[in-house]
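A short worksheet on the structure shown next.
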Amino acid sequence: MIYAKCIRETQIAKNREEFIRRQNEENPVYCIGEITRSKVGMDTLYSVPLNFILDCLKYGMYIAIIENAEKASVTGYPYAGSYLDYQCCSTEQRVLDIMKVDDITTIDYILEEVKDPKLIHDGYWHWLSDDVGRYLRNKLNKEIYGK
């Protein structure tokens, strides 16, 4: 199972040097391949199963794919409930990748990784651009209803 979190563009560092330089900012900074640490040393960094990521768009329009060794061997995505029921809290998060949510390749990645489109919670998908939102709706309708 893949865990992810939504972040704002302003939280993304383009390289290791920028990541290190920005460690004193108020909000956590994320960079591919780096470990983001909580500011107060407590479990304040959250991530959710990938099928719930659209429920979290209010936190940012970029997705950071987070390494989660504890949950890596879990193969099935949860269906029922809220993302709050399944979120993981930690003091550190290793960032495997960062993607813009409002992009067709990201939508395809989510669909491919989750496998069962019925498991994808739609949450804030109305925040997606018209083209990407329409693409997602069409893909889900086709895969779920065959239309």
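The minimum heavy-atom distance between Ile32 and Leu96, with the atom names listed, is CG2-O, 3.6 Å. The nearest pair of heavy atoms linking Ile65 to Ala4 is CD1-CB, 4.0 Å.
For Arg137, there are no side chain to side chain donor-acceptor pair (under 3.5 Å) partners two or more places apart in sequence or in a different chain. Every residue meeting the ring-ring contact (aromatic ring centres under 6.0 Å, His included) condition with Phe52, not counting sequence neighbours, appears here in chain and number order: Tyr86, His121. For Thr10, the side chain to side chain contact (heavy atoms under 4.5 Å, CB included) partners two or more places apart in sequence, or in a different chain, are Arg8. Checked against side chain to side chain donor-acceptor pair (under 3.5 Å), Tyr109 has no partners two or more places apart in sequence or in another chain.
Distance check, rounded to the nearest 0.5 Å: CD of Gln11 to SG of Cys31 gives 13.0 Å.
Although no hydrogens or angles enter the test, the distance criterion places no donor-acceptor pair under 3.5 Å between the side chain of Asn51 and the main chain of Ile120. Between the side chain of Lys39 and the main chain of Thr44, no donor-acceptor pair closer than 3.5 Å is present.
Among pairs with a residue in residues 25-36, those fulfilling side-chain hydrogen bond (donor to acceptor under 3.5 Å, both in side chains) read Lys5-Tyr30, Arg16-Glu34, Arg22-Glu25, Tyr30-Gln93, at least two apart in sequence or across chains.
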With side chain to side chain donor-acceptor pair (under 3.5 Å) as the test, would you mind laying out the steps for Tyr135 and Asp108 before giving the verdict? CA-CA 10 Å; Tyr135 178 81; Asp108 284 341; 2.5 Å; yes
Would you mind writing out the side-chain donor-acceptor pairs for residues 97-104 within the sub-3.5 Å range, not counting sequence neighbours?
residue, atom, partner, partner atom, Å
Asp102, OD1, Ser129, N, 2.9
Asp102, OD1, Ser129, OG, 3.0
Asp102, OD2, Ser129, N, 3.3
Asp102, OD2, Ser129, OG, 3.4
Asp103, OD1, Thr105, N, 2.8
Asp103, OD1, Thr105, OG1, 2.4

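Open room surrounds CG on Asn24; 12 or fewer heavy atoms of other groups in view lie less than 6.0 Å from it.
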